[in-house]
Structures are given as structure tokens and as C-alpha cells.
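Scroll down for the structure; my scribbles are underneath it.
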Amino acid sequence: LAKTTQPISMDSYEGQEVNITCSHNNIATNDYITWYQQFPSQGPRFIIQGYKTKVTNEVASLFIPADRKSSTLSLPRVSLSDTAVYYCLVGPDTGRRALTFGSGTRLQVQP
Amino acid sequence: GAGVSQTPSNKVTEKGKYVELRCDPISGHTALYWYRQSLGQGPEFLIYFQGTGAADDSGLPNDRFFAVRPEGSVSTLKIQRTERGDSAVYLCASSPNRRTSGRGNEQFFGPGTRLTVL
């Protein structure tokens with residue numbers, strides 16, 4: 001499985017755009033990049049998944065360069081409620097398989 | 001609709017005791033997963049069921065841990081002779097048989113059961 005590296009923590013202010021970058025130098029050809037969000041005392045929640053270039057949904061955007069060795073989760077205009085831990089995962093899009101989580105990035109949004 | 005539910009939300013037990021943790025997946029979801037999360041760490045995979053059978057139990061740490069899903073819906077994680085190191089949040093997740101395009105790695109997690117072994 002490709003190993004991922006992401007910052008331990010980040011700080012931001014309300015209304016700012018937050019970009020969290022994840023490195024995955026050993027990503028395999030059939031691997032996808034998936035991001036999850038976890039609030040305290042809750043289970044993780046799927047945010048977005050992509051293979052290459054750019055993916056956007058109602059919550060976030062995911063930017064993946066051509067070499068796919070890194071990816072950036074972009075959260076537009078964060079609010080206090082975006083304070084959470086964000087996990088970057090890399091693996092095949094087989095649907096039903098064990099997910100491998102790292103330690104994630106703890107995002108703290110301040111007023 | 002209802003999400004994944006887990007009971008109890010908290011469980012305190014003594015070292016050496018037996019515990020059972022229950023997971024009710026989203027109705028119709030054929031795949032069910034158990035994870036364990038220690039403080040400050042990401043969830044760690046334990047076991048995955050496809051229907052009634054365990055498709056992958058490679059994450060179970062030792063033979064004190066066992067899980068069942070007899071009717072392909074509710075699952076129970078069983079821990080024998082609990083140890084203090086078993087203290088963690090035990091998370092359950094489920095996913096549907098039919099994947100949504102662009103969301104193939106989406107699993108729906110419950111709130112977890114916080115297990116404390118004294």
C-alpha cells in the first residue's frame with residue numbers, strides 16, 4: 001500500500017481557503033486518492049475521491065497533479081464547524097476493502 | 001435514513017473480562033467493517049464482512065478478538081480476556097453492494113463504542 005504523508009496540524013481563520021497537501025510518492029497505477037473528515041466523538045466521513053486532475057463537489061475540491069505523487073484537498077471559506085481531522089488515503093477503487101488511515105491533519109479554525 | 005448505529009456508546013470493563021460490541025449497519029449494505037482507533041491515531045482496520053462471511057480478518061490483533069455477522073446484517077465484535085491495551089474506540093462502518101461513481105471508497109461509519117479496560 002502506498003504510504004501517505006500529511007501535516008500533523010494546521011491553523012486557519014474563518015472565511016479563509018484551506019489547502020491540505022498529502023504526499024504519496026509510491027502511488028500505484030490503479031490507486032485512487034480519498035479524503036475523509038472526522039469530528040471529535042464521531043466516525044470518519046467521506047469527503048471526496050479522485051484519480052487525476054481535479055474533482056469538485058459541494059464540500060471540497062481535490063487537486064491531483066499529473067505525476068499523482070501528491071494531492072491537495074481544498075476547503076473554500078472554512079467555518080468553525082470545519083475544525084476536524086482530515087485523512088488522506090490511497091488505494092484501489094475496489095469498493096469493498098479495508099481502508100488504511102494515517103494519523104491525519106488536525107485543522108483548527110479560529111474566529 | 002438511519003445511519004450506522006453502535007451499542008453501547010461506552011463500555012467500561014475490568015481486565016480479564018469478556019465484552020461484546022454491537023453494530024447495526026445501514027439497511028441493505030452488504031459490506032461491514034470493524035476498525036479500532038486509539039487516541040491521536042487514525043482508525044486501524046480489524047475485519048471486513050461481505051454478507052455473513054469474513055472476507056478479510058487480517059487486522060484482528062490476536063485470537064482474543066472475534067467477530068460474527070450471522071444473518072448478514074447486525075455484527076458483534078467479541079473480545080475475550082480483555083487487556084488494558086484493548087482500550088480504544090471501536091468503529092463500525094458499512095458500504096453498499098452497488099458503488100456510486102466517484103465514491104467507490106466511501107464507507108459509512110458509526111459513532112463508535114469507547115471501550116475502557118481498567
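Note that this is a predicted model, so its numbers are computed, not measured. Numbered from 1 within each chain, the chains take letters A, B, ... in sequence-line order.
Residue B:R103 comes nearest to A:Q49 through the heavy atom pair C-OE1, 3.7 Å, listed as atom of the first residue, atom of the second, then distance.
Linking ILVMFWY side-chain heavy atoms closer than 4.5 Å, directly or via other members, places B:V89 and B:F108 in two distinct hydrophobic clusters. Linking Ile, Leu, Val, Met, Phe, Trp and Tyr residues whenever their side-chain heavy atoms come within less than 4.5 Å places B:F65 and B:W34 in a single cluster. Taken together through direct or relayed side-chain contacts under 4.5 Å among Ile, Leu, Val, Met, Phe, Trp and Tyr, A:Y32 and A:Y86 form parts of separate hydrophobic clusters. Both A:I20 and A:V59 belong to a single network of hydrophobic side chains, linked directly or stepwise wherever heavy atoms of I, L, V, M, F, W or Y lie under 4.5 Å apart. Tracing side-chain contacts under 4.5 Å through hydrophobic residues (I, L, V, M, F, W, Y), one reaches B:L32 starting from B:L77; they form part of the same cluster.
When side chains are defined from C-beta on, A:S103 counts as touching B:Q41, because their heavy atoms get closer than 4.5 Å. Residues B:P43 and A:Y36 have side chains not in contact (no heavy-atom distance under 4.5 Å, counting atoms from C-beta outward).
Interface remark: of the candidates A:A98, A:P44, A:G50, A:G102, A:P44 forms the most heavy-atom pairs closer than 4.5 Å to chain B. Chain B forms the most heavy-atom pairs under 4.5 Å with one residue out of A:V55, A:N57, A:I47, A:T34, and that residue is A:T34.
If you measure heavy-atom distances from B:Y35 to chain A, the contacts under 4.5 Å come from the side chain alone. Using a 4.5 Å cut-off between heavy atoms, B:Q6 does not touch chain A at all.
Atom CD in B:Q50 sits 14.5 Å away from atom CZ in A:R97 (nearest 0.5 Å). To the nearest 0.5 Å, atoms CD (B:E106) and CZ (A:R45) are separated by 9.5 Å. Note that CZ of B:F109 is 12.0 Å distant from CZ of A:F46, once rounded to the nearest 0.5 Å.
Crowding of A:F63 atom CZ: a count of heavy atoms from other residues, nucleotides or ligands under 6.0 Å exceeding 12. Within 6.0 Å of CG on B:L39 lie no more than 12 heavy atoms contributed by other residues, nucleotides or ligands. The 12-atom threshold is exceeded at OH of A:Y51, counting heavy atoms of other residues, nucleotides or ligands nearer than 6.0 Å.
With B:E44 contributing its side chain and A:F101 its backbone, the two residues share no donor-acceptor pair below 3.5 Å.
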